Amino acid sequence: MKDAPPESGADGVEEGKRLIRTGGDRGLSLAERISERFNRLTWGTPLHAMRLRGRHPLKLIAVPDDPFFGDAHRGNALLEGVVRFRGEDRPIEKLDFARPDWTPAFGDYLQSFAWLRDLSSVATRARGVPIAEAIMRRWLAAHGEKVSDPAWRADIWGRRILFWTAHAPLILSSTDLVYRSSVLHALARGARHLDRGADRVQPGAGLIAAWSGVLVAGLSMPGGDPRRAYGENGLRRALDQSVFEDGGSVTRSPAAQLESIQLLTVLGEAYAARRLTAPGFIEETRGRMVTALLGLCHGDKGLSSWQGSGPIPGDVIEQLVEATGVRTRPLKQAREWGYQRLSAGTSVLIMDVAPPPLARLVEGGCASTLAFELSDGADRLVVNCGGARAANAQVPPALAEGLRTTAAHSTLVLSNSNSTAIHADGTLGRGVVEVELVRHETDTASRIEASHDGYVRRLGYLHRRVLAMSPDGRDVRGEDMLLPADRRKHKAPTVFTARFHLHPQVQVTPTADGLAAILRTASGHLWQFRCKGGSLAVEDSIWIDGRGRPLTSQQLVVTGASPAGGTNVSWLFHRAK
């Protein structure tokens with residue numbers, strides 16, 4: 001994305017902004033697909049196999065700390081002999097890495113050895129070692145000597161090196177010298193593989209993982225200084241490509257943002273294990289990323305749901321921030337990342353004001369432009385359905401894809417279509433290209449005016465949304481406008497639907513006049529909702545929780561039809577008690 005020159009506001013918040021979606025968005029180009037295919041084919045050549053052999057040092061000179069807690073639910077499953085991830089279970093004794101029968105998400109969790117963090121969080125070394133070794137032996141038998149995809153994907157190897165080194169006591173405590181040698185040989189071969197392949201990963205958390213793996217290998221194995229210098233240059237390039245100036249991930253995914261912060265933090269621990277100071281650009285980038293991440297957190301300190309990510313709980317975010325050592329306040333507006341934050345009193349509002357991410361940068365991008373979420377203290381009020389890429393395995397694939405649509409977000413839908421097209425193969429098509437943004441901060445209100453062109457090409461209307469929050473946070477006023485963008489003549493009114501998805505714990509009571517509703521939060525606070533310019537109804541909805549489970553909820557739905565000259569619908573959330 002690129003932006004127009006901003007106008008500086010009195011409080012440092014930029015008042016004017018234009019975000020433009022750059023480049024095509026039908027996935028990789030033909031040239032990129034050919035290059036990627038060629039790179040994968042070279043993995044199986046004798047030349048690449050010879051490069052990987054070499055002489056491998058059979059020891060680690062440093063073991064970094066992993067300062068992050070794992071998932072106790074998944075860790076306890078491992079103690080029971082089961083690998084569990086997002087509702088998908090596989091008995092350890094039946095794992096067959098040569099014939100995978102699991103989903104890609106489960107495969108990435110298993111192949112990256114991220115489960116070592118979960119196991120170490122619930123088990124002593126004595127109890128955890130046999131479990132870790134059992135899985136490691138199965139992996140070595142299938143992939144220790146054979147270079148293949150996805151096991152040898154560069155981003156997977158980067159993550160694997162971080163987890164293998166940080167949790168070395170779980171995988172290298174065996175008295176079996178042949179087994180230990182096999183693990184260390186595989187580690188060295190993986191590092192050599194990354195030396196040549198790290199730059200072939202798309203920008204984002206995967207590219208950061210790949211180059212972090214190169215660096216951790218250089219810090220943890222003998223003779224690694226040349227690799228460390230090479231890795232630092234590569235990581236600097238990776239961060240430049242993967243992180244906007246405001247600290248947001250180019251994937252626009254909060255989950256990718258969180259993982260990137262974790263990767264850089266474990267990398268910092270690798271430097272500390274060698275009693276070295278990490279380069280300043282690593283710490284500086286991580287600080288910006290933490291600030292941006294906090295800008296997407298609600299009053300319950302958990303993340304809002306955007307671009308396929310789920311509502312990651314507040315305790316996870318708090319532990320993340322504590323582990324980084326970064327002390328900062330939430331970012332009001334992440335301009336390039338594309339999120340705006342309004343907060344006053346106990347209210348927090350987070351809004352998406354950018355085009356969707358490019359398809360080649362993230363799987364499962366969402367057509368969520370101009371959607372928002374609203375919370376009151378620890379209670380979430382207005383949400384997005386969320387979780388398109390965080391939903392557990394029990395969520396039907398069709399429903400998971402439906403979570404990416406505009407209708408699954410709290411924004412306006414025109415003619416029952418997405419603001420950005422979602423193709424059958426999962427990539428994003430035509431739609432939002434340009435988003436105009438103006439933000440005002442005054443003593444009486446905080447105000448955001450934004451518009452997108454996602455419906456211009458197909459339907460001839462520009463969608464503009466205005467949001468304003470009172471200084472005490474008790475009033476959130478909004479207006480959705482449909483503005484004619486060309487001279488085409490509409491033969492019939494165009495139907496619009498403004499959706500406000502509610503958190504499952506919010507109780508809804510419509511008023512007798514059909515234009516309002518009373519909303520009661522889990523804490524007993526009452527909010528009034530009123531609208532003008534459309535008909536109000538209450539319909540069923542769903543919300544993907546922090547564990548990826550779909551929970552039933554409700555939504556406020558305001559419907560109407562726009563004449564050729566355009567229309568507007570206004571609405572108000574007022575905290576009555």
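The structure presented is a predicted model; accordingly, all values stated were derived computationally and were not measured.
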Does one side chain, of [X] or [Y], offer a donor that lies under 3.5 Å from an acceptor on the other?
{"X": "Gln307", "Y": "Thr251", "result": "no"}
{"X": "Thr103", "Y": "Glu88", "result": "yes"}
{"X": "Arg575", "Y": "His525", "result": "yes"}
{"X": "Ser220", "Y": "Thr165", "result": "no"}
{"X": "Asp376", "Y": "Ser347", "result": "no"}
{"X": "Arg341", "Y": "Gln333", "result": "no"}
{"X": "Ser249", "Y": "Gln257", "result": "no"}
{"X": "Ser309", "Y": "Ser253", "result": "yes"}
{"X": "Asn384", "Y": "Ser305", "result": "no"}
{"X": "Ser410", "Y": "His501", "result": "no"}
{"X": "Asp199", "Y": "Trp211", "result": "yes"}

Going by heavy atoms in the side chains, are [X] and [Y] under 4.5 Å from each other?
{"X": "His503", "Y": "Ser553", "value": "no"}
{"X": "Ser375", "Y": "Val382", "value": "no"}
{"X": "Pro279", "Y": "Tyr271", "value": "yes"}
{"X": "Val250", "Y": "Leu358", "value": "no"}
{"X": "Arg138", "Y": "Glu93", "value": "yes"}
{"X": "Asp66", "Y": "Gln262", "value": "no"}
{"X": "Met221", "Y": "Ile61", "value": "no"}

Salt-bridge test for [X] and [Y]: reply yes if a basic N is under 4.0 Å from a carboxylate O, no otherwise.
{"X": "Arg380", "Y": "Asp300", "result": "yes"}
{"X": "Asp71", "Y": "Arg117", "result": "no"}
{"X": "Asp195", "Y": "Arg192", "result": "no"}

Kindly give the heavy-atom pair with the smallest separation between [X] and [Y], and that separation in Å.
{"X": "Leu428", "Y": "Pro357", "result": "CD1-O, 3.5 Å"}
{"X": "Cys366", "Y": "Gly308", "result": "SG-N, 3.4 Å"}
{"X": "Ser212", "Y": "Leu235", "result": "OG-CD1, 4.2 Å"}
{"X": "Val353", "Y": "Ala450", "result": "CG1-CB, 3.9 Å"}
{"X": "Ser173", "Y": "Arg180", "result": "N-NH1, 4.3 Å"}
{"X": "Ser304", "Y": "Ile350", "result": "OG-CD1, 3.7 Å"}

Quick one: are the ring centres of [X] and [Y] less than 6.0 Å apart?
{"X": "Trp306", "Y": "Phe372", "answer": "no"}
{"X": "Trp152", "Y": "His193", "answer": "yes"}
{"X": "Tyr109", "Y": "Phe85", "answer": "yes"}
{"X": "Trp164", "Y": "Trp157", "answer": "yes"}

Check: residues 125-136 side-chain donor-acceptor pairs under 3.5 Å, at least two apart:
residue	atom	partner	partner atom	Å
Glu133	OE2	Ser174	N	3.4

Next on the checklist: One pair to check against side-chain hydrogen bond (donor to acceptor under 3.5 Å, both in side chains): Thr369 and Asp352. What are the steps and the verdict?
Outcome noted: CA-CA 5 Å; Thr369 308; Asp352 179 353; 4.8 Å; no
Contacts of Ala229 meeting side chain to side chain contact (heavy atoms under 4.5 Å, CB included) (sequence neighbours excluded), chain-then-number -> none
### Test log, rule side chain to side chain contact (heavy atoms under 4.5 Å, CB included), inputs Ile171 and Tyr179
CA-CA 10 Å; Ile171 60 174; Tyr179 161 79; 4.1 Å; yes
Roughly how far, to the nearest 0.5 Å, is [atom2] of [Y] from [atom1] of [X]?
{"X": "Ile312", "Y": "Leu258", "atom1": "CD1", "atom2": "CG", "result": "5.0 Å"}
{"X": "Asp89", "Y": "Glu80", "atom1": "CG", "atom2": "CD", "result": "9.5 Å"}
{"X": "Leu551", "Y": "Ser541", "atom1": "CG", "atom2": "OG", "result": "11.0 Å"}
{"X": "Leu215", "Y": "Ile282", "atom1": "CG", "atom2": "CD1", "result": "6.0 Å"}
{"X": "Met289", "Y": "Leu263", "atom1": "CE", "atom2": "CG", "result": "9.0 Å"}
{"X": "Leu264", "Y": "Glu259", "atom1": "CG", "atom2": "CD", "result": "10.5 Å"}

Give a yes or no on this: more than 12 heavy atoms of other residues, nucleotides or ligands lie within 6.0 Å of atom [atom1] of [X].
{"X": "Arg327", "atom1": "CZ", "value": "yes"}
{"X": "Glu322", "atom1": "CD", "value": "no"}
{"X": "Phe69", "atom1": "CZ", "value": "no"}
{"X": "Gln394", "atom1": "CD", "value": "yes"}

Q. Between Leu239 and Leu207, is a side chain to side chain contact (heavy atoms under 4.5 Å, CB included) present by the stated rule, with each step listed?
A. CA-CA 8 Å; Leu239 293 177; Leu207 184 60; over 6 Å; no
Margin query: Given the ring of Phe106, does Arg90 sit roughly above its face, with NZ or CZ under 6.0 Å from the centre of the six-membered ring and within 45° of the axis?
Written below: yes
Open item on the list: Both conditions, 6.0 Å and 45 degrees, for the charged tip of Arg160 above the ring of Phe113: are they met here?
Closed with: no
Do side-chain atoms of Trp115 reach the backbone of Leu110 as a donor and acceptor pair under 3.5 angstrom?
yes
Between Val395 and Arg549, does a side chain to side chain contact (heavy atoms under 4.5 Å, CB included) hold up when you go through it step by step?
CA-CA 8 Å; Val395 176; Arg549 301 170 300 185; over 6 Å; no
Salt bridge (Lys or Arg N to Asp or Glu O under 4.0 Å) test vs Asp108 passes for just one of Arg153, Arg389, Arg159, namely Arg153
Are Phe163 and Val216 close enough, and set up right, to give a side chain to side chain contact (heavy atoms under 4.5 Å, CB included), and what steps lead you there?
CA-CA 10 Å; Phe163 284 116; Val216 171; over 6 Å; no
Please lay out, stage by stage, how Asp240 and Arg237 fare under the test salt bridge (Lys or Arg N to Asp or Glu O under 4.0 Å). CA-CA 5 Å; Asp240 287 343; Arg237 291 195 308 272; over 6 Å; no
Exercise. What orientation do Tyr339 and Trp337 show, parallel under 30°, tilted 30 to 60°, or perpendicular over 60°?
Worked result: perpendicular
Only residue of Leu467, Leu331, Ile448 satisfying side chain to side chain contact (heavy atoms under 4.5 Å, CB included) with Gln340 is Ile448
